[in-house]
Amino acid sequence: MSAGAGLAGVVAGETAISTVEADGRGLRYRGYAIEDLAAHARFEEVAFLLLYGELPDRRALADFEARTARLRAPPAAVTAILDALPGGVHPMDALRSAVSVLGAVEPERGFEGQEAVAERLLAVLPALLLHWYTRIDTGIAPRSAADGAGLAEAFLRMLHGRTPPPTHRRALEVSLILYAEHEFNASTFAARVTASTRADLHSCITTAIGTLRGPLHGGANEAAMAFLDPLADPDAAEAAVLDALRAHRRVMGFGHRVYRGEDPRSALIKPWSRRLAAEARDERLFAVSERVEAVMRREKGLFPNLDFYSASLYRFLGIPTALYTPLFACARMAGWAAHVIEQRRVGRLIRPLARYTGPAPRPYVPLEARG
Ligand code: COA
């Protein structure tokens with residue numbers, strides 16, 4: 001029997017890292033509900049939980065935070081190559097290239113030190129991204145790797161050159177927690193396929209970044225913003241959604257393979273978008289987003305996924321649209337690494353079969369005879 005297109009509904013392996021609960025009603029990381037993690041945990045606690053299987057105690061968390069803060073500065077050999085990339089490249093291309101080069105500059109030598117390599121990647125990814133972005137895209141000098149701060153604060157400090165207000169830090173932290181892990185999503189599964197060949201961690205993460213880039217996966221947050229940006233008010237939003245649906249175009253940030261009802265992550269990120277909209281005295285973007293949501297529900301019975309309200313939230317945080325998807329990658333790095341480590345323990349090559357639908361056997365015709 002062959003699996004349907006897109007492997008929908010196929011159980012393709014086992015994992016102890018996270019699970020979508022029955023009927024898509026919830027999501028848990030190693031048994032902990034995302035609602036609890038989003039309400040109480042720091043991103044670094046969640047990253048530790050994903051990588052090592054248990055929540056850290058105070059001491060383990062402090063050590064982890066100190067280690068990752070120390071590991072944030074990118075090597076000169078990699079930044080030199082980033083500096084040589086042309087200005088117009090997409091930040092996902094820059095990030096993918098940076099991880100690939102890092103794998104050549106700091107190769108993983110055997111799997112014994114895999115957790116240390118994972119920590120290095122988790123720490124350095126945002127610094128690589130922002131080194132490239134602030135230097136090439138804005139022409140300003142790269143900012144220091146913001147020693148001593150967790151990922152959310154470090155990211156905003158490197159981007160804006162100042163310490164973020166506490167609500168901004170926490171809003172980004174919640175978003176990073178929700179982006180950190182999601183079972184056998186496309187990029188994680190791709191990383192596991194690469195890991196199953198016993199390739200190095202950098203190769204697995206390069207695979208994952210390439211897979212995350214597309215608009216049906218991580219690229220949806222950026223595509224959602226591109227849709228929302230030109231909409232002047234809720235009525236314009238309603239018309240634009242109806243137009244898109246009439247033309248059979250997808251509205252990015254809606255629908256999900258495993259959540260046919262509400263995406264539990266969307267319910268956690270939307271209030272942050274609302275709160276920051278109020279703080280920013282925004283009168284357009286949040287209202288427009290809510291109308292898009294209402295029309296999609298009414299017309300198609302589709303609900304927003306995590307990417308939809310992340311788009312407006314990131315705008316309120318002053319994050320440029322081109323950085324939305326690479327920022328998702330910086331958070332998902334924790335889940336990717338946990339899955340690579342788990343797949344290495346499984347130790348078996350992932351190599352399924354295909355049902356052949358091509359031509360029946362036929363004789364080779366020599367070039368001269370083909371004219
Ligand atoms: N806008 C409009 N229609 C959509 C839609 C969207 N965002 N998502 C799904 N649909 C429609 C499909 O056209 C299809 O309708 P049909 O049966 O009339 O043809 C139906 O809903 C089922 O969609 P399908 O493509 O079979 O679902 P899937 O499980 O293969 O795809 C996604 C899941 C996520 C790829 C899909 O919902 C999508 O493209 N969403 C937009 C991209 C996005 O936000 N990705 C981020 C996911 S976290």
Side-chain angles (χ1 to χ4, degrees), residues 2-12 18-21 23-27 29 34 38 92 174-191 208-229 231 237-270 273 288-314 321 324-332 335-336 339:
S2 95
L7 298 179
V10 172
V11 175
S18 72
T19 189
V20 174
E21 293 185 292
D23 304 325
R25 264 173 299 153
L27 173 63
Y29 298 169
I34 51 164
M92 281 298 273
V174 170
S175 152
L176 298 175
I177 289 170
L178 297 174
Y179 268 134
E181 161 60 14
H182 208 202
E183 201 219 33
F184 274 23
N185 63 90
S187 56
T188 298
F189 190 65
I209 294 173
T211 309
L212 187 72
R213 192 188 194 304
L216 296 192
H217 190 10
N221 54 14
E222 188 178 330
M225 197 66 238
F227 182 80
L228 293 168
D229 246 342
L231 306 176
E238 173 132 6
V241 174
L242 293 174
D243 272 357
L245 295 180
R246 254 193 306 275
H248 301 288
R249 283 197 309 274
R250 288 180 182 222
V251 179
M252 295 301 163
F254 285 85
H256 200 278
R257 174 62 64 77
V258 298
Y259 304 115
R260 291 307 184 186
E262 279 179 81
D263 177 339
R265 303 167 303 167
S266 178
L268 296 171
I269 207 63
K270 183 177 172 181
S273 178
V288 156
S289 303
E290 280 206 302
R291 181 69 74 86
V292 172
E293 177 184 0
V295 180
M296 286 299 282
R297 184 183 296 212
R298 185 186 76 215
E299 297 293 320
K300 294 287 287 183
L302 286 171
F303 294 86
N305 56 50
L306 174 59
D307 288 320
F308 187 65
Y309 281 102
S310 299
S312 48
L313 175 68
Y314 286 1
T321 309
Y324 288 12
T325 312
L327 182 52
F328 178 170
C330 293
R332 185 58 59 85
W336 287 335
H339 278 273

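As the structure lists them, so they are numbered: ligands from 1, and atoms in each ligand from 1.
- Closest to atom 48 (S) of ligand 1 among all protein heavy atoms lies His256 CD2, 3.3 Å.
- Side-chain atoms of Ile34 and Pro264, non-hydrogen and from C-beta on, do get closer than 4.5 Å to each other.
- Nearest protein neighbour of atom 41 (C) of ligand 1, counting heavy atoms only, is Phe254 O, 3.4 Å.
- Atoms of ligand 1 found under 4.0 Å from any heavy atom of Ala220, numbered from 1 in the order shown, are 43 (C), 44 (O), 45 (N), 46 (C).
- Per-atom contact check: atom 17 (O) of ligand 1 does not touch the protein, criterion being a heavy-atom distance below 4.0 Å.
- Aromatic ring pairs are classed by plane angle as parallel below 30°, tilted from 30° to 60° and perpendicular above 60°; the pair Phe328 and His217 is perpendicular.
- Residue Asp307 approaches ligand 1 through these ligand atoms, each under 4.0 Å from one of its heavy atoms: 46 (C), 48 (S).
- Taking a distance limit of 4.0 Å, we find that atom 36 (C) of ligand 1 is approached by some protein heavy atom.
- Closest to atom 21 (O) of ligand 1, if we only count protein heavy atoms, is Leu302 CD1, 4.4 Å.
- Between Arg265, Lys300, Met252, it is Lys300 that holds the heavy atom closest to atom 11 (C) of ligand 1.
- With a 4.5 Å cut-off on side-chain heavy atoms, His182 and Val20 count as touching.
- With distances taken over non-hydrogen atoms, the option nearest atom 23 (O) of ligand 1 out of Glu299, His182, Arg250 is Arg250.
- Under the 4.0 angstrom criterion, atom 14 (C) of ligand 1 counts as lacking any protein heavy-atom contact.
- Closer than 4.0 Å to atom 26 (O) of ligand 1 lies none of the heavy atoms of the protein.
- Residue Met296 places a heavy atom under 4.0 Å from ligand 1.
- Considering backbone and side-chain N/O of Leu216, one or more are found under 3.5 Å from N/O of ligand 1.
- Considering backbone and side-chain atoms alike, Arg260 places an N or O below 3.5 Å from some N or O of ligand 1.
- At a 4.0 Å cut-off, at least one heavy atom of Pro215 sits close enough to ligand 1 to count as contact.
- The heavy atom nearest to atom 1 (N) of ligand 1, out of those in Val251, Asp263, Val258, is found in Val251.
- Looking only at distances, a side-chain donor or acceptor of Glu181 sits under 3.5 Å from a matching main-chain atom of Glu183.
- Checking side-chain atoms of Tyr324 against main-chain N and O of Ala224 turns up no donor-acceptor pair under 3.5 Å.
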side-chain contact (heavy atoms from CB on, under 4.5 Å) evaluation trace for Arg250 with Lys300: CA-CA 11 Å; Arg250 288 180 182 222; Lys300 294 287 287 183; over 6 Å; no

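- At least one heavy atom of Gly253 sits under 4.0 Å from some atom of ligand 1.
- Within a 4.0 Å radius of atom 4 (C) of ligand 1, the protein contributes at least one heavy atom.
- The residue from Asp263, Asn221, Val258 that alone fulfils the side-chain contact (heavy atoms from CB on, under 4.5 Å) condition with Asn305 is Asp263.
- Heavy-atom distances between Asn305 and ligand 1 reach below 4.0 Å in at least one pair.
- Centroid-to-centroid, the aromatic rings of Phe308 and Phe254 come within less than 6.0 Å.
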